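Keep in mind the model is a prediction, meaning the values are calculated, not measured.
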Amino acid sequence: MIRLLIADDQTLLRDGLQTILNLEDDLNVVRVVGNGLEAYEAVGELRPDVVLMDIKMPVLDGIEGMKRIKRDYPGTIVLMLTTFAEDKFIVDAMAGGADGFLLKDMPGDRIIQVVRDAASGHVILPAAIAAKLAARLSAFSPTGSDTFDEKALKHAHLTFTERERKIIILMLEGHTNKQIAGTLFMSEGTVRNYISVIYNKIGTNDRQEAIALLKELILKDAQ
C-alpha cells in the first residue's frame with residue numbers, strides 16, 4: 001500500500017485528487033492539507049510514502065515545505081504539483097530535492113501511474129518540464145552548430161550532438177530505450193549505442209545516476 005499526503009490550498013483540486021487516488025486498491029491518501037507547514041507537520045506525524053505538494057500556497061509555500069521535508073525526512077518522496085513550467089520554480093524545486101513534478105491537468109489514469117512510478121523510485125519529469133530542464137543543456141550557439149553551447153555546460157566541459165541531445169531529453173522524461181527508439185525512428189541497438197556514448201561522456205554506466213548527473217549539471221548552470 002502506498003500512503004499519500006496531498007498539500008494544496010485549492011479545496012476542489014485536493015479533494016478531487018483524493019477521490020481519484022483512493023479508488024485504487026494500492027493507494028491510500030492519509031491526509032489532505034492546505035499549506036507547506038501543515039504538510040511538513042503531517043509528514044512528521046504520519047510518515048507517508050509520497051507527498052503531492054502544490055508549489056504556490058499560503059503560510060509556507062510548497063518549495064520551502066518540500067525542502068524541510070527532504071531535510072528532516074529524506075526518505076519521503078515529494079512530487080511538486082504545478083499548472084505551469086516556469087524555469088525558476090523548476091530549478092528551485094529540483095535544487096531543493098524534489099523527486100519530480102506532476103502537472104495538475106494530467107488525466108486521472110496518468111496521475112495514478114505517475115504516483116506509482118515515483119513510489120518505485122523513478123524520476124518523474126513530464127515532457128513539458130523535462131524539455132525546460134534539457135533546454136539548459138541544449139542551448140544552441142548562434143552559428144547553428146550541432147553541439148550544445150559550451151557556455152551551457154561550462155561546469156562539465158561537455159558537448160553533445162543534436163541526436164544525443166534528443167535522447168537526453170527523452171531520458172529525462174523517463175522513456176525506455178524501446179520508447180526512445182520508436183520516437184526517434186531508430187533501432188533499440190542504435191539507441192543503446194548513443195546512450196553508451198552519453199554515459200561515457202558523463203562518467204557512469206547507470207541510467208538513474210546518469211539522469212541525476214544531467215540534472216545536477218542543469219542546476220549548476222542555473223545558479
Side-chain angles (χ1 to χ4, degrees), residues 50 53 55 63 66 70 77-106 110-111 113-140 146-149 151-156 158-186 188 190-223:
V50 180
M53 181 85 80
I55 289 180
I63 292 177
M66 174 272 298
K70 298 303 288 187
I77 295 167
V78 183
L79 298 177
M80 307 307 296
L81 290 168
T82 185
T83 55
F84 44 80
E86 297 181 24
D87 288 356
K88 180 181 185 301
F89 293 113
I90 296 170
V91 172
D92 285 351
M94 298 302 286
D99 296 286
F101 292 82
L102 197 158
L103 299 178
K104 292 181 180 180
D105 60 357
M106 282 180 173
R110 178 59 180 151
I111 290 173
Q113 189 57 53
V114 164
V115 169
R116 288 175 176 149
D117 288 345
S120 299
H122 296 290
V123 176
I124 305 300
L125 293 173
I129 289 176
K132 285 279 188 179
L133 288 173
R136 294 188 178 276
L137 290 178
S138 61
F140 290 108
D146 66 349
T147 58
F148 284 12
D149 185 353
K151 183 179 179 181
L153 289 172
K154 60 182 178 293
H155 294 282
L158 299 175
T159 60
F160 295 97
T161 67
E162 165 68 1
R163 184 52 59 91
E164 289 166 357
R165 178 185 73 84
K166 290 179 179 178
I167 290 173
I168 287 171
I169 291 173
L170 293 171
M171 288 173 63
L172 287 171
E173 290 176 11
H175 290 272
T176 64
N177 287 0
K178 183 176 181 179
Q179 291 169 330
I180 293 172
T183 300
L184 299 181
F185 304 102
M186 302 163 60
E188 284 190 63
T190 301
V191 170
R192 285 195 295 270
N193 290 339
Y194 272 107
I195 290 177
S196 293
V197 172
I198 293 168
Y199 285 173
N200 287 336
K201 288 183 177 182
I202 61 179
T204 183
N205 289 318
D206 180 80
R207 195 183 196 89
Q208 293 302 316
E209 184 179 353
I211 291 171
L213 287 169
L214 289 166
K215 285 164 51 182
E216 183 180 351
L217 292 175
I218 293 163
L219 295 173
K220 282 182 177 180
D221 185 64
Q223 293 173 349

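Across all non-hydrogen atoms, the minimal contact from Ile167 to Met186 is CD1-CE, 4.4 Å. Of all heavy-atom pairs spanning Met66 and Ala98, the tightest one is SD-N, 3.5 Å. Nearest heavy atom pair, residue Ile77 against residue Ala119, reads CD1-CA, 3.7 Å. Contact record, Tyr199 with Met171: CE2-CE, 4.1 Å, taken as the closest heavy-atom pair.
With rounding to the nearest 0.5 Å, the separation of CD1 in Ile195 from CG in Asn205 is 12.0 Å. Taking CD1 of Ile169 as the start and OG1 of Thr183 as the end, the distance is 11.5 Å to the nearest 0.5 Å. In this structure, Arg163 CZ and Ile198 CD1 are separated by 11.0 Å, a value rounded to the nearest 0.5 Å. Note that NZ of Lys104 is 10.0 Å distant from CG of Leu102, once rounded to the nearest 0.5 Å.
Looking at heavy atoms from C-beta onward, Thr82 lies in side-chain contact with Leu103 at the 4.5 angstrom threshold. Annotation: side chain of Leu184 is not in contact with side chain of Thr190 (no heavy-atom distance under 4.5 Å). The shortest distance between side-chain heavy atoms of Met80 and Ile63 falls below 4.5 Å. At least one side-chain heavy atom of Asn177 sits under 4.5 Å from a side-chain heavy atom of Arg192.
Side chain of Asp99 to backbone of Val78: a donor-acceptor contact under 3.5 angstrom is found.
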